[in-house]
Amino acid sequence: MSDAHKAALAKGRAEGRVVRDYLEGLRATKPKRGRKRTPETIEKRLAKIDEEMSDASPIDELALVQERRDLHDELAAMSETIDMNSLEAAFVDVAKSYSDSKKIAYASWRDVGVDASVLKAAGISRGA
């Protein structure tokens with residue numbers, strides 16, 4: 001394998017990683033339907049679960065234990081912040097090249113949630 005081929009493969013892997021990170025960031029920060037949960041409401045529910053555990057049937061206890069685990073995971077996820085500005089900047093740098101090499105249409109980017117202004121900044125147009 002030539003050095004040029006190795007370099008092209010490395011470039012493709014790096015671009016793919018940047019694109020994946022940006023798309024995962026978009027998905028993670030996408031607003032969800034319904035009332036937004038806060039750490040306070042989660043803490044209230046956790047306290048309520050502790051109260052309900054004392055007189056729960058074994059099957060209900062199992063469900064409550066799982067709900068408590070899910071709520072703790074949700075609280076942990078809330079404390080993690082995603083720096084979408086840096087992810088977006090890195091995406092803009094590689095998106096055009098990645099899009100051209102993988103033959104990804106403008107509409108496909110839009111369908112997965114990439115904003116039109118980000119695509120414009122990356123040099124990806126509707127006609128591409």
Side-chain angles (χ1 to χ4, degrees):
M1 189 178 315
S2 71
D3 288 342
H5 189 205
K6 289 178 185 177
L9 289 173
K11 179 183 177 199
R13 283 191 300 272
E15 287 179 352
R17 189 172 26 260
V18 168
V19 170
R20 182 191 65 238
D21 290 347
Y22 178 69
L23 295 177
E24 286 175 353
L26 282 178
R27 183 178 285 174
T29 59
K30 182 179 178 182
K32 300 193 176 38
R33 293 182 59 176
R35 181 183 292 172
K36 186 171 180 166
R37 250 202 291 225
T38 65
E40 294 78 27
T41 60
I42 292 174
E43 292 293 347
K44 281 183 187 177
R45 180 62 188 143
L46 286 169
K48 185 82 169 154
I49 288 172
D50 289 340
E51 292 173 17
E52 293 174 8
M53 288 285 257
S54 61
D55 54 312
S57 69
I59 197 78
D60 290 337
E61 180 182 4
L62 176 63
L64 290 170
V65 166
Q66 183 60 52
E67 184 180 359
R68 182 174 56 198
R69 184 177 307 278
D70 293 343
L71 290 172
H72 282 295
D73 290 346
E74 189 174 342
L75 267 177
M78 284 180 169
S79 65
E80 296 174 8
T81 57
I82 297 174
D83 183 4
M84 283 305 295
N85 290 332
S86 66
L87 290 175
E88 185 176 301
F91 175 80
V92 165
D93 289 342
V94 303
K96 176 74 171 145
S97 172
Y98 185 86
S99 192
D100 291 345
S101 69
K102 300 290 185 183
K103 296 180 178 34
I104 298 174
Y106 177 92
S108 297
W109 288 115
R110 295 290 290 134
D111 287 347
V112 296
V114 179
D115 193 73
S117 63
V118 174
L119 293 173
K120 183 177 182 180
I124 300 171
S125 63
R126 286 187 179 110

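Just so you know, these numbers use all the heavy atoms, side chains as well, and skip hydrogens, waters and symmetry mates.
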Review point. Ion pair present between Lys96 and Glu15, side-chain N to carboxylate O less than 4.0 angstrom?
Key: no
For a 4.5 angstrom cut-off between non-hydrogen side-chain atoms, does [X] reach [Y]?
{"X": "Leu9", "Y": "Met1", "result": "yes"}
{"X": "Ser101", "Y": "Lys11", "result": "no"}
{"X": "Leu75", "Y": "Leu46", "result": "yes"}
{"X": "Met84", "Y": "Leu26", "result": "yes"}
{"X": "Val112", "Y": "Arg27", "result": "no"}

With rounding to the nearest 0.5 angstrom, report the [atom1] to [atom2] distance, [X] to [Y].
{"X": "Asp73", "Y": "Arg68", "atom1": "CG", "atom2": "CZ", "result": "12.0 Å"}
{"X": "Leu23", "Y": "Leu87", "atom1": "CG", "atom2": "CG", "result": "10.0 Å"}
{"X": "Arg69", "Y": "His72", "atom1": "CZ", "atom2": "NE2", "result": "9.0 Å"}
{"X": "Arg126", "Y": "Arg110", "atom1": "CZ", "atom2": "CZ", "result": "7.5 Å"}
{"X": "Asp111", "Y": "Ile104", "atom1": "CG", "atom2": "CD1", "result": "12.0 Å"}
{"X": "Ile49", "Y": "Lys44", "atom1": "CD1", "atom2": "NZ", "result": "14.5 Å"}

What closest approach, in Å, do [X] and [Y] show between heavy atoms, and which atom pair accounts for it?
{"X": "Ile82", "Y": "Ala28", "value": "CD1-CB, 3.4 Å"}
{"X": "Thr29", "Y": "Gly25", "value": "OG1-O, 2.8 Å"}
{"X": "Ala56", "Y": "Leu64", "value": "CB-CD1, 4.0 Å"}

Exercise for review: For the pair Trp109 and Tyr98, name the ring-plane relationship: parallel under 30°, tilted 30 to 60°, perpendicular over 60°.
Suggested key: tilted
Review point. Would you say the side-chain atoms of Thr41 pair up with the backbone N or O of Arg37, donor to acceptor, closer than 3.5 Å?
Key: no
Exercise for review: Please answer whether the main-chain N or O of Val94 pairs with a side-chain N or O of Ser97 as donor and acceptor at a distance below 3.5 Å.
Suggested key: no
